[in-house]
Each structure stands twice: as structure tokens, then as C-alpha cells.
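This report concerns only the one structure given below.
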There are 2 protein chains.
Amino acid sequence: MKKAEGTRLNILQKAFALIYEKGYQTTSIDDILATTQVTKGAFYYHFKNKDEMGIAIINELLKPILASSFIAPLQNDKNPVDTIYNLIHYLLIEDEFLQVQHGCPVANFTQEMASWNKDFSHALNEITQQWVKTMAAVIVKGKEKGQIRDDINARQVAMFVASGYWGVRNFAKLENDKKVYLSYLKELKRYLNTLK
Amino acid sequence: MKKAEGTRLNILQKAFALIYEKGYQTTSIDDILATTQVTKGAFYYHFKNKDEMGIAIINELLKPILASSFIAPLQNDKNPVDTIYNLIHYLLIEDEFLQVQHGCPVANFTQEMASWNKDFSHALNEITQQWVKTMAAVIVKGKEKGQIRDDINARQVAMFVASGYWGVRNFAKLENDKKVYLSYLKELKRYLNTLK
DNA sequence: TGCAAATAATACCTATTAGTATGTTTTTAT
DNA sequence: ATAAAAACATACTAATAGGTATTATTTGCA
């Protein structure tokens with residue numbers, strides 16, 4: 001990796017961490033410069049403006065994270081119920097990047113930016129839809145294998161699960177307590193079993 | 001109502017509308033002054049600072065809204081499944097204040113403020129817990145009446161439903177389309193029926 | 001090696017931010 | 001009616017925001 005690309009990536013990563021903690025609007029360029037030890041000249045060499053950096057974070061960091069942590073675990077051949085439950089369990093309990101007090105980065109970005117920056121909402125919608133789509137595909141496969149009832153609407157279930165995930169992240173953020181997750185997971189398991 | 005209380009309320013209401021649209025951090029005092037036609041002197045006579053106004057919005061506006069729109073509809077004697085479904089349907093489809101492109105004000109506030117202002121998160125948690133608690137009570141009642149299965153954990157279900165509600169609000173915000181709600185509601189109905 | 005292009009550093013600018021100081025007008029109570 | 005208190009108005013401040021202009025330093029390559 002060239003040195004220049006290193007600074008670019010450094011900016012993206014540190015900025016992402018800051019934004020995940022503090023929110024996009026309240027993370028200033030100067031904040032980012034302070035934690036990256038990068039100067040303003042370097043920053044604006046790599047990014048036209050703050051929003052362009054935000055989009056880059058979504059496309060170059062969030063997208064891969066989603067692919068590896070949210071989507072890849074769905075690609076196995078167990079039954080959908082276990083696969084989906086295990087994924088959500090992993091995301092809520094085990095994943096060491098996602099912090100209870102900061103919620104879900106994708107949801108945070110959405111809440112903050114969706115209604116007034118089309119580039120942001122477009123990029124976010126893209127990665128979200130991919131998650132839902134993959135989850136739906138898993139369920140369809142399960143239907144074919146007879147692991148899931150015929151009358152189940154796969155996409156509808158996927159959306160329902162994804163919504164619950166986002167919501168419980170917000171809930172736990174409010175209480176700043178992982179216990180909320182345990183309660184949620186129990187009900188999720190019960191719910192998923194009704195798909196059989 | 002005294003005139004002074006009128007200006008105070010005016011500030012709270014207009015500020016709330018602005019914050020619901022644009023977010024708390026990005027709504028400046030000057031924004032609020034411009035839309036209320038109130039001067040800075042008047043503003044700071046009524047509120048010590050911006051955050052105190054934020055807390056006042058939560059306690060004096062959000063709380064009553066929650067009580068009337070989220071909690072009161074739960075106080076009837078139909079069965080929990082219909083009661084809860086109708087509530088969520090009302091909130092997502094019929095309520096004319098909540099806008100699809102702006103999500104849920106409580107969730108917005110939570111996402112933006114919870115992790116770095118304890119007063120905010122405390123006030124928000126209070127109203128949220130009240131909603132969940134009431135929903136749980138409805139389910140408990142249903143269990144007693146034999147409308148809900150015995151092995152159902154009332155609080156767990158209430159949390160699950162509330163999470164889904166918050167999550168789907170965020171989802172629809174991203175797509176800026178109420179269609180998402182319809183899909184969600186179908187699955188919610190199916191889920192709620194598994195409680196019987 | 002040298003020089004052009006890529007990368008980075010510094011100093012600055014204007015707008016906006018939350019908040020204050022100080023004054024003026026309204027209300028209220030007597 | 002009047003004085004005191006409540007309510008509001010105006011002008012300001014210091015800090016911070018995102019962004020730019022200009023200059024300096026590296027880097028790749030002929």
C-alpha cells in the first residue's frame with residue numbers, strides 16, 4: 001500500500017470510529033485531524049469535503065463490514081432458523097466492534113442523514129437491501145428444503161427481523177445494558193421457530 | 001394561559017417540529033428563533049440553555065404525546081393481539097403527525113443523544129419504559145383471560161414489538177416509502193397470532 | 001540525478017454556533 | 001397610578017465550523 005493510501009485509510013477508519021461514537025454532525029473535521037494527526041491540507045487533498053468522506057466511509061468501510069459480518073455468516077447450509085438466530089446473536093453479543101452504548105452504525109447514519117442527504121441514503125439503502133435480500137434468500141432456500149413453512153413470505157420475514165435488530169440496538173443504547181439483548185434474543189428464537 | 005407561557009409553549013412546539021425534521025444538533029437556537037419569531041432574550045429567559053429546552057421537549061411534549069398516542073390506545077378490553085396490532089397500525093399508517101421520512105421522534109432523540117447526555121437518556125428511558133410496561137400489562141391481562149398462551153413472556157414480547165416498531169421506522173425512513181410499513185404489519189400480525 | 005506530479009503543511013477566511021450583558025417594555029400587585 | 005418584577009429585545013462575544021489559498025515537501029520516473 002502506498003503511503004498516501006495509508007493516510008486516506010487512516011482518516012476513514014479513525015473518522016468512522018469517531019462518528020460511530022459521537023455521530024456524524026458532531027464529529028468535526030478538526031476532531032478527525034486531531035485523532036489522525038493528519039493536517040487539513042492532507043485531508044482536503046484526499047476528500048473534496050466532509051460529505052464525500054462520509055460517503056467513502058459507507059462505501060469503503062461499512063459495506064465490507066456488512067458483507068463480512070452481516071452477510072457472509074448467512075452463507076451456510078444449516079436451516080434458516082438457526083442461521084439467522086446465530087447471526088443476530090453474534091452481532092448483538094459477540095461482535096467486539098459493535099458497542100451497546102453506540103448502537104448500530106448503519107442505523108445511526110440512517111437516522112442522522114437519510115432525510116437530508118440523498119447520497120447517504122442511497123448508499124445506506126444499498127447495503128441494507130443487500131442484507132435483507134440475502135436473509136430472504138436463506139429463507140427461500142429453507143422453504144425449498146421443507147425447513148420453513150410454505151406460507152411464509154421470505155422477504156417479509158427478513159424485513160421483520162432486520163427491523164427488530166435495528167430497534168433493539170436503539171433500545172439497548174438507551175438503557176446502556178446488554179441485558180436487553182438477551183430478552184430480545186429469547187423472543188427472536190421463539191418467533192423464528194414459528195416459521196418452521 | 002398567560003402570555004409568557006404561550007411563548008414558552010410556542011418555542012417548545014416549533015423547536016420540537018424542527019428537531020423532528022432536522023435533528024437536535026443541527027437545529028440551532030437561531031433556527032428556532034427564526035421560526036418562532038421569538039428573540040434571543042425571550043428564549044434565554046425561558047430556558048437556561050439549549051439542553052434544558054431539549055429536556056423540556058421530552059418531558060412536556062413527548063411524554064404527553066406518548067401517553068395519548070402510544071399508551072392510551074392500549075387501555076381497552078379487547079384481546080391483546082388486536083389491541084397491539086391496531087396501535088402499531090395506527091402509529092405507522094394513520095397518525096398524521098409522525099412522518100415516514102423523519103422516523104420516530106423518540107428513536108431519533110435516543111440515537112442522537114443517549115450516549116452523551118444522561119438527562120436526555122434518563123427522560124427518554126422513562127417514557128419508553130412506560131410504553132413497554134403498559135404493553136406488557138395488556139399481554140398479562142390477556143394471559144389471565146386465556147387469550148394469550150401461558151408460556152408467553154409478556155415483557156419480552158412487549159420489548160420485541162417495540163423494537164420492531166423502532167426498527168421499521170428507521171427502515172422506512174431510509175426508503176422514504178410507507179410500503180415498508182405494510183410488509184412489516186403483515187408479519188407483525190402473523191407474529192402476534194402466534195401468541196394465542 | 002533531476003524535475004514534475006503527488007502529497008502534505010500552514011495560515012487564513014467567513015459563517016455560524018451557543019451563550020451573555022445590558023437595556024427596554026409589559027404585567028402584576030398594591 | 002406606581003413601583004417592582006416579569007418578560008422580552010438588541011447588540012455583542014468567544015469559540016468553532018467547514019473550507020480555501022498558498023506554500024512546502026515527498027515521491028515516482030525519465
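Convention: sequence-line order gives letters A, B, ...; per-chain numbering from 1. Small disclaimer: the values here were computed from a predicted structure and weren't measured.
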- request: Measure the distance from CD on A:E52 to C1' on D:dG19 and round it to the nearest whole Å.
  value: 13 Å
- prompt: Rounded to the nearest Å, what distance is computed from the CD1 atom of residue A:I29 to the P atom of nucleotide D:dA15?
  reply: 21 Å
- request: Hey, can you tell me if B:W131 and B:F70 have their rings parallel, tilted or perpendicular (30° and 60° cut-offs)?
  value: perpendicular
query: For the pair made of CG in B:D30 and C1' in D:dA17, what is the distance, rounded to whole Å?
result: 14 Å
query: Quick one: which of D:dC8, C:dA8, D:dA11 gets closest to the side chain of B:T7?
result: D:dC8
message: Given C:dT27, C:dA18, C:dA9, identify the nucleotide with an atom nearest to the side chain of A:T39.
response: C:dA9
field: Distance below 4.0 Å between A:H46 side-chain N/O and C:dA8 OP1 or OP2
entry: yes
- prompt: What's the CG-P distance between A:N49 and D:dT20, to the nearest Å?
  reply: 8 Å
message: Does B:S121 form a side chain to side chain donor-acceptor pair (under 3.5 Å) with A:N176? I'd like the steps, not just the answer.
response: CA-CA 9 Å; B:S121 55; A:N176 194 13; over 6 Å; no
field: Donor-acceptor contact present, side-chain B:Y20 to main-chain B:Q99, <3.5 Å
entry: yes
- request: Write down the distance between CD1 (A:I11) and P (C:dA9), rounded to a whole number of angstrom.
  value: 10 Å
message: Side chain of B:K40, heavy atoms from C-beta onward: which of D:dT20, D:dA11, D:dC8 has the nearest atom to it?
response: D:dA11
- prompt: What's the closest nucleotide to the B:A4 side chain, out of C:dT17, D:dT20, D:dC8?
  reply: D:dC8
Spacing of B:R8 atom CZ relative to D:dA7 atom P, expressed in whole Å: 11 Å
message: Looking at C:dT16, I'd like to know if its phosphate oxygens (OP1 or OP2) sit under 4.0 Å from a side-chain N or O belonging to B:S28.
response: no
field: Side chains of B:E187 and A:Q156, donor plus acceptor under 3.5 Å
entry: yes
- prompt: Any idea how B:W166 and A:F171 line up, ring-wise: parallel (<30°), tilted (30 to 60°), or perpendicular (>60°)?
  reply: tilted
query: Of all the choices, C:dG19, D:dG19, C:dT17, which nucleotide is nearest to the side chain of A:Y44 once you look at every atom?
result: D:dG19
statement: Whole-Å distance, A:F43 CZ to C:dA9 C1', equals 15 Å
- request: Measure the distance from OH on A:Y45 to P on D:dG19 and round it to the nearest whole Å.
  value: 19 Å
